[in-house]
Amino acid sequence: MPTPEARRVPGGRAVRFPVVDPATGEAFDEAPDQQPDELDAVIARAQRAWHGWRAEPAPRTAALRDAADAVEAAGDDLARLLTREQGKPLAESYAEVARTAARLRYFADLTPRTRRIDDGRPVHSEIRWRSLGPVAAIVPWNFPLQLAAAKFAPALAAGNTMVLKPSPYTPLATRLLGSVLATVLPEDVLTVVTGREPLGARLAAHPGIRHVTFTGSVPTGRAVAAAAAASLARVTLELGGNDAAVLLDDVDVDRIADRLFWAAFRNCGQVCMAVKRVYVPARLHDEVVEALAHRAKTVAVGSGLDPDTRLGPVNNAPQLARVEQVTQQAVAAGARAAAGGHRLDGPGYFFAPTILTDVPPDSPVVTGEQFGPVLPVLPYRSLDAAVDAANGTGFGLGGSVWGTDLDRAEAVADRLECGTAWINHHAELSLAQPFAGVKDSGVGVAGGPWGLYGNLRPFVVHRPREA
């Protein structure tokens, strides 16, 4: 079903909309449905706040460190609310809150370097860095806090202000985060706006925004880029992923099965850089399917608030329907569900953890992004054919190679057409490393110093050498 209908006041203007607990399928709270015409005032205030925020780096550093402390102090409330609206196990919500605070601390201590150019001319040329202005961040529902921090921490550290829009499926924890940060940041440096479309489209197209950073689907990313182009705003787009895991013929299946399973199923498979396809040598196919299917059949699925839960629900009804559709299409085309393959009985948006085998290689569950607890396992007889298949989609976010001979595995990883390749693990990122996709998986770079410089512009000063 679509996003729940908003509550309306006389005259038909929506003012609030319900937020659903995916573990029950029932609304448990409401969020403001802010209207596109309200953005003018919000962005004007962000523009005014920018002039003071950009002035001195030392107060920014102190404020961001205080922000990290404030996030940690509010960790219990943030984590429980995040689980309630997103569905993930409470332990994963606590980890997301911790990552949010860690990102603030990392960027608080990161400063751009002034560089002098000596090219033999009778002048000193110095490259300095300046902030851009108000930045817009549009964040999806799978990691609302962590992905928000991945955008606002470098933007604020660089001296920009930010208007942050979370998904209408997960607005509450982000609103609470905004309130927490408002206790330590100057007024209007970070503003959270919530609402349904066309709020996001209006934010991306607003002429007062100088940088739009977006995480989400490829079609929406293209629309964001087109909207931002009208005002020539910079864009950073982290889009879809269809990461392949290539298992080599020397892989120790028992040793890697747990890591491989959770690389695919963490957060109920709702991770842009999760393993979404597994290519395995034909002679090891049945062993790999059995190992993964055993884990899928025995993992504890339930409400994220239950301490025994390891796998929560799909976040929302449309995504649950998408997961069911691509699974049914694969089965209708000849695939077999070695585990799962169906919704779970009862309330909420639960889909049984699913391992598919005998999947046609042109099935949408292979060529697209299922973004749910469904994993196709495909046999290969030629390693070259497996690498070609891994590279054979329009996506290029991440990939991994699994085997005992690390040099050989690295050589295969070097052939993958993606932004990040892992060996014997997957979807693990350092705060200090760049994160970027190729092909349809994104534009621009996030993470580490690259994320900071993505929120800055160079400013060059020339002066004559002293006589």
Side-chain angles (χ1 to χ4, degrees), residues 32 34 38-75 77-78 97 99-112 128-139 144-166 171-195 199 203 206-213 233-234 236 431 446 451-457 459:
Q34 293 170 290
E38 298 178 62
L39 286 175
D40 291 342
V42 170
I43 294 170
R45 292 195 298 269
Q47 175 75 25
R48 290 193 294 271
W50 172 53
H51 295 290
W53 179 249
R54 67 180 177 174
E56 295 292 338
R60 292 201 303 270
T61 295
L64 293 177
R65 288 175 181 165
D66 290 344
D69 293 341
V71 169
E72 288 177 338
D77 291 339
L78 285 167
V97 172
R99 187 80 166 181
T100 299
R103 203 177 293 271
L104 280 163
R105 284 202 181 92
Y106 173 82
F107 281 104
D109 294 326
L110 205 61
T111 55
R128 304 170 187 174
W129 296 91
R130 289 186 169 179
S131 56
L132 304 173
V135 175
I138 303 173
V139 179
L145 304 186
Q146 185 170 319
L147 291 174
K151 299 179 185 306
F152 67 64
L156 298 184
N160 304 293
T161 54
M162 173 163 282
V163 179
L164 169 63
K165 180 196 170 297
L172 300 177
T174 308
R175 277 178 54 80
L176 178 57
L177 177 64
S179 297
V180 169
L181 295 177
T183 65
V184 294
L185 296 177
E187 189 175 11
D188 297 321
V189 163
L190 173 67
T191 305
V192 177
V193 296
T194 61
L199 184 66
L203 179 59
H206 198 284
I209 293 296
R210 302 316 310 144
H211 178 198
V212 181
T213 172
R234 185 179 300 183
T236 301
L431 295 176
L452 179 71
Y453 284 99
N455 286 280
L456 293 163
R457 63 176 178 86
F459 174 64

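Along the sequence shown, residues carry numbers from 1.
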From R210, R234, H211, residue fulfilling side-chain hydrogen bond (donor to acceptor under 3.5 Å, both in side chains) relative to N455: H211
Gap separating the CG atom of L104 from the CG atom of D109, nearest 0.5 angstrom: 11.0 Å
Atom CG in L431, atom CZ in R105: separation rounded to 0.5 Å? 11.5 Å
Are side-chain heavy atoms of L39 and L199 found at a separation under 4.5 Å? yes
Determine whether F152 and V135 make a side-chain contact, defined as any pair of heavy atoms from C-beta on separated by less than 4.5 Å. no
Reference residue W53; test side-chain contact (heavy atoms from CB on, under 4.5 Å); the match among R48, M162, R60: R60
Polar side-chain atom of T194 near backbone of P32 as donor-acceptor pair, under 3.5 Å: yes
Can you tell me how far CG of L110 sits from CG of L452, rounded to the nearest 0.5 angstrom? 5.0 Å
If I compare all heavy atoms of R54 with all of S131, which pair ends up nearest, and what's the gap? CB-OG, 3.6 Å
Could you pull out the closest heavy-atom pair between T174 and V192, with the gap in Å? O-CG2, 3.8 Å
Closest heavy-atom pair and its distance - A67, L181: CB-CD2, 3.6 Å
Please check this pair: side chain of T183 against backbone of S179, looking for a donor-acceptor N/O pair closer than 3.5 Å. no
When you compare the side chain of V139 with that of L164, does any pair of heavy atoms fall below 4.5 Å? yes
Shortest non-hydrogen contact between P171 and P166, atoms and distance: CA-CG, 3.9 Å
Closest heavy-atom pair and its distance - V163, I43: CG2-CG1, 4.2 Å
Heavy atoms only: give me the nearest A101-E72 pair and the separation to one decimal. CB-CG, 3.6 Å
Can you name the one residue among L145, L177, D77 that meets side-chain contact (heavy atoms from CB on, under 4.5 Å) with V97? L145
For the atom pair CG (N160) and CG (L132), what is the distance rounded to the nearest 0.5 Å? 5.0 Å
Between CH2 of W129 and OG1 of T111, what distance do you get to the nearest 0.5 Å? 12.5 Å
Can you measure from CG (L78) to CG (L172) and round to the nearest 0.5 angstrom? 11.5 Å
Are D40 and H206 close enough that some pair of their side-chain heavy atoms sits under 4.5 Å apart? yes
